[in-house]
Amino acid sequence: MNNLVKVENSKIEQTTILTLNRPEKRNAISIELINQLKVIIEKLHQDDETKLVIITGEGSAFCAGGDLNDFHGEIDQEKAHELLSQMQEVLWQITTLPMPTIAWMNGLARGGGMELASACDFRYVHESGNYGFTQGKLGISTGWGGGTLLYERIHSQEAYYWLVSADIRSAQVLKSIGFAQATFSTHQLELEHDLIKPFISRSLTQLKHWKSQWLQNQDLQKLKTKMDAEVEACSHMWVSDEHKEAVSNFFKRNKK
Ligand SMILES: CC[C@@H](C(=O)O)C(=O)SCCNC(=O)CCNC(=O)[C@H](O)C(C)(C)COP(=O)(O)OP(=O)(O)OC[C@H]1O[C@@H](n2cnc3c(N)ncnc32)[C@H](O)[C@@H]1OP(=O)(O)O
């Protein structure tokens with residue numbers, strides 16, 4: 001079995017780094033990758049020693065969103081709902097992990113890649129990357145619950161506008177709207193990085209306490225209900241002609 005997600009446990013720093021490992025596909029999230037991620041995140045829920053989880057991508061991209069070969073345009077509404085729900089569950093499990101999570105966005109992200117980042121507690125973005133909730137241009141809405149999470153991360157007026165405009169933004173803009181906590185310029189993720197150091201210097205007890213406080217501060221039941229509604233809405237848009245055409249145009253563009 002290919003490791004579509006690399007897992008590195010750093011015992012001294014009590015940190016787990018998860019690296020999406022399909023660089024040739026810009027780390028697009030296939031069904032197989034979802035299945036692997038599911039098992040890894042489930043294990044982390046039972047892990048009493050890890051105090052920090054970092055999600056990043058191999059190569060030039062953080063994540064290009066759902067793999068459009070698996071999440072293709074010809075599936076019906078029920079099937080779309082079933083597939084979208086699988087990744088929604090992963091996003092939910094990441095959101096509710098008992099330790100802090102960081103999306104270390106080493107490069108570009110699109111669509112579901114932005115949703116994945118939104119499921120993390122903190123986001124750091126590479127200064128040369130570009131980032132977009134581009135679902136609007138594909139004739140759909142966010143389909144994994146990440147639109148709901150976006151509203152939790154930035155000002156609601158800005159979230160609403162970003163989803164409608166579906167525009168691609170720079171790292172500096174992400175920082176200015178509060179989606180990213182900071183930008184970085186290094187290519188290799190190092191746990192000694194100034195942005196990671198504060199986490200590593202805190203104890204397991206401290207970090208788990210702050211995470212639990214963070215989760216208590218949210219109405220998780222309401223959040224889950226809103227994420228469910230988002231998946232349902234997207235599954236209906238999935239079968240629109242506009243969406244089918246957008247997916248087909250993507251593959252045609254890539255064949256040129
Ligand atoms: C399904 C859930 C839904 C959601 O809930 O949000 C989504 O995520 S929908 C998907 C949203 N994502 C996109 O629309 C991104 C599509 N990709 C691109 O726009 C570009 O590929 C890129 C991400 C901007 C990268 O551009 P570039 O660096 O120029 O690389 P290429 O375009 O040449 O891509 C390299 C390689 O990767 C394949 N690829 C990229 N993204 C996807 C994808 N989302 N699904 C499947 N495959 C993808 C691309 O086809 C190329 O493959 P080869 O042709 O085999 O080299």
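As the structure is a prediction and not an experimental result, all values here were calculated from the model. When a ligand or atom number is given, it counts from 1 through the structure's own listing order. Computed from heavy atoms alone, side chains included, the values below leave out hydrogens, waters and symmetry copies.
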G65: numbered ligand 1 atoms lying under 4.0 Å from its heavy atoms: 8 (O)

Counting the benzene-type ring for Trp, do F122 and F199 have ring centres under 6.0 Å apart? yes

Residue portion contacting ligand 1 (non-hydrogen atoms closer than 4.0 Å) for L138: side chain

Between the candidates K25, E230, Q88, R22, which shows the shortest non-hydrogen contact distance to atom 38 (C) of ligand 1? K25

When you compare ligand 1 with S141, is there at least one nitrogen or oxygen pair between them that comes in under 3.5 angstrom? no

Quick check on R253 - does any of its heavy atoms sit under 4.0 Å from an atom of ligand 1? yes

Heavy-atom contacts under 4.0 Å between Q135 and ligand 1: side chain, backbone, both, or neither? side chain

When you compare ligand 1 with G66, is there at least one nitrogen or oxygen pair between them that comes in under 3.5 angstrom? yes

Does ligand 1 come near enough to W238 that some N or O of the ligand is less than 3.5 Å from an N or O of the residue? no

From I94 atom CD1 to L149 atom CG, the distance as rounded to the nearest 0.5 Å: 10.0 Å

N/O of R26 under 3.5 Å from N/O of ligand 1, yes or no? yes

Using the six-membered ring wherever Trp is involved, compare the ring planes of W238 and H243 and label them parallel, tilted or perpendicular (cut-offs 30° and 60°). tilted

For ligand 1, which is the ligand I care about here, please tell me if T142 has any N or O atom under 3.5 Å from one of the ligand's N or O atoms. no

Using a plain distance cutoff, I'd like to know if L68 has any nitrogen or oxygen under 3.5 Å from a nitrogen or oxygen of ligand 1. yes

When you compare the side chains of H81 and Q77, does any donor N or O come within less than 3.5 Å of an acceptor on the partner? no

Under 4.0 Å from any heavy atom of F71, which atoms of ligand 1 are there? 1 (C)

If you define the side chain from C-beta out and look only at heavy atoms, does anything of H126 sit under 4.5 Å from Y131? yes

Per the side chain to side chain donor-acceptor pair (under 3.5 Å) rule, what does the pair list look like for residues 51-65, sequence neighbours excluded? K6-E58, T56-N106

Do E13 and L52 pass the side-chain contact (heavy atoms from CB on, under 4.5 Å) test, and can you show the C-alpha distance, the side-chain angles, and the key distance before you say yes or no? CA-CA 9 Å; E13 289 90 355; L52 177 67; over 6 Å; no

Check whether any N or O atom of G143, backbone or side chain, sits under 3.5 Å from an N or O atom of ligand 1, and answer yes or no. yes

The criterion is side-chain contact (heavy atoms from CB on, under 4.5 Å); which residues satisfy it with A182, sequence neighbours excluded? Y124, L195

Consider every N or O of F250 and every N or O of ligand 1, then say whether any pair is closer than 3.5 Å. no

Taking non-hydrogen atoms only, is A64 closer than 4.0 angstrom to ligand 1 via side chain, backbone, both or neither? both

Against heavy atoms of L108, which atoms of ligand 1 measure under 4.0 Å? 23 (C)

Are any of the side-chain heavy atoms of E230 and E115 separated by less than 4.5 Å? yes

Approximate separation, where rounding is to 0.5 Å, of S165 OG and I168 CD1: 10.0 Å

Give a yes or no on whether Y151 and Y161 share a hydrophobic cluster (residues Ile, Leu, Val, Met, Phe, Trp, Tyr; joining criterion: side-chain heavy atoms under 4.5 Å apart). no

Purely on distance, is any nitrogen or oxygen of R110 under 3.5 Å from one on ligand 1? no

E24 near ligand 1, heavy-atom distance under 4.0 Å? yes

